[in-house]
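As structure tokens, the structure follows; a few thoughts come after it.
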Protein chains: 2
Amino acid sequence: MATDPLSVTFAALADPTRRAILKRLARGEASVTDLSEPFDMTMPAITKHLKVLQGAGLVERGRRAQWRPCRLRARPLKRATDWIAQYRRFWEESLDRLDAFLQDVQEKEKPKGARRHGQTKV
Amino acid sequence: MATDPLSVTFAALADPTRRAILKRLARGEASVTDLSEPFDMTMPAITKHLKVLQGAGLVERGRRAQWRPCRLRARPLKRATDWIAQYRRFWEESLDRLDAFLQDVQEKEKPKGARRHGQTKV
DNA sequence: CGCCTATTTTACCACAAGGTTAAATACGCA
DNA sequence: TGCGTATTTAACCTTGTGGTAAAATAGGCG
């Protein structure tokens, strides 16, 4: 797997269990047992997911007796969202479709020779 | 890998090569050869990355003679960003830190008994 | 100490990811 | 038809991921 921060963040988010864990943590701190409760999954599996989230800096662990409470750390999400933001113009006003359309038109009008018997239908 | 749309989108973004491809496509349509040029990677590898991007609906392929041009489709990014947006309040105003701090304080003040010799330092 | 609870570590497994090379396919064109 | 260019498919390899069960660790408490 790629190890740059953005890749690590996106990879952490690319799993429904982990996203659910984050959602749960948005409501406040929780223990591993708490977190595992909604899932049909053993604890070690949750521990692993937490490791991934920690690795992405999305979860911070505490230590209270034998509990190792988890809490949300959202900062990496900002970077993720900032990266995505550069594409905003492509979905606002259906610009991606529009752009595609314009490029098609442009393509068909280009006097490129050999255009006569190219597949005109696209 | 999980197959729900959000997971597929995030997984597609969790690779620097694929993000670079998207960035390139933001400047306009490109062929596979164009796309592979900046990378020290064989074409089949690029083809695979494109498959992943297509699977996530982030890239659309055309067909012009032996070229299969790629173009950006940004709509799935909106859903990704919308999902992340629900956590915005946690990073704005350092709310995640603040929250962590408050929970610590709260914890220390909780008259939970046995608090006397707990690790007070944290 | 010895037990109980919470959590992690240690193998282990099946399968997906990300690469490679070599062969196959798709089209345009002489 | 047959060659050349663009791209994909097939087969393979190595590593990572998501899960398991069983054993190890950590800490409070009688």
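These numbers come from a predicted model, not from an experiment. All chains are named by letter (A, B, ...) in the order of the sequence lines, taking the proteins before the strands, and each is independently numbered beginning at 1.
Of the charged side-chain nitrogens involved, none lies within less than 4.0 Å of a carboxylate oxygen, so that Asp34(B) and Arg27(B) do not count as a salt-bridged pair.
Each of Arg73(A), Arg24(A), Arg71(A) was scored for a salt bridge (Lys or Arg N to Asp or Glu O under 4.0 Å) with Glu29(A), with one residue passing: Arg71(A).
Annotation: proximity of residues 30-44 of chain B to DNA chain D (heavy atom, distance under 4.0 Å) is found for Ser31(B), Val32(B), Thr33(B), Met43(B), Pro44(B), numbered in ascending order.
Phosphate contact (OP1/OP2 of dT8(D), side-chain N/O of Thr47(B), threshold under 4.0 Å): present. Contact check, His49(A) against dG19(D): a side-chain N or O comes under 4.0 Å of OP1 or OP2. Contact between the side-chain N/O atoms of Lys51(B) and the OP1/OP2 oxygens of dT9(D) is found at a separation under 4.0 Å. OP1 and OP2 of dA26(D) both lie 4.0 Å or more from every side-chain N or O belonging to Arg68(A). In terms of phosphate contacts, Arg63(B) brings no side-chain nitrogen or oxygen within less than 4.0 Å of OP1 or OP2 of dT7(D).
Taking atom CG of residue Leu53(B) and atom P of nucleotide dG18(C), one finds them 10 Å apart after rounding to whole Å. What separates CD1 of Ile21(B) from C1' of dG18(C) is a distance of 12 Å, to the nearest Å. Atom C1' of nucleotide dA26(C) and atom CZ of Arg61(B) are separated by 13 Å, given to the nearest angstrom. Atom pair Arg64(A):CZ and dT7(C):P shows a separation of 11 Å (rounding to whole Å applied). With rounding to whole Å, Ile46(A) atom CD1 is found 14 Å from dT8(C) atom C1'.
Arg18(A) places no side-chain N or O within donor-acceptor distance of the main-chain N or O of His49(A), the cut-off being under 3.5 Å. Looking only at distances, a side-chain donor or acceptor of Thr9(B) sits under 3.5 Å from a matching main-chain atom of Pro5(B). Checking side-chain atoms of Ser36(B) against main-chain N and O of Thr33(B) turns up a donor-acceptor pair under 3.5 Å. Judged by distance alone, with hydrogens and angles left aside, the side-chain atoms of Tyr87(B) form a donor-acceptor pair with the main-chain N or O of Lys23(A) at under 3.5 Å. A donor-acceptor contact shorter than 3.5 Å links the side chain of Thr47(A) to the backbone of Met43(A).
Around CZ of Arg61(B), the count of heavy atoms belonging to other residues, nucleotides or ligands within 6.0 Å exceeds 12.
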Fill in: Contact state string [nucleotides 11-17 of chain D, B base, S sugar-phosphate only, - no protein heavy atom under 4.0 Å]
B----SS
Discussion item. One pair to check against side chain to side chain contact (heavy atoms under 4.5 Å, CB included): Ile84(B) and Phe10(B). What are the steps and the verdict?
Written reply: CA-CA 11 Å; Ile84(B) 294 179; Phe10(B) 282 131; 4.1 Å; yes
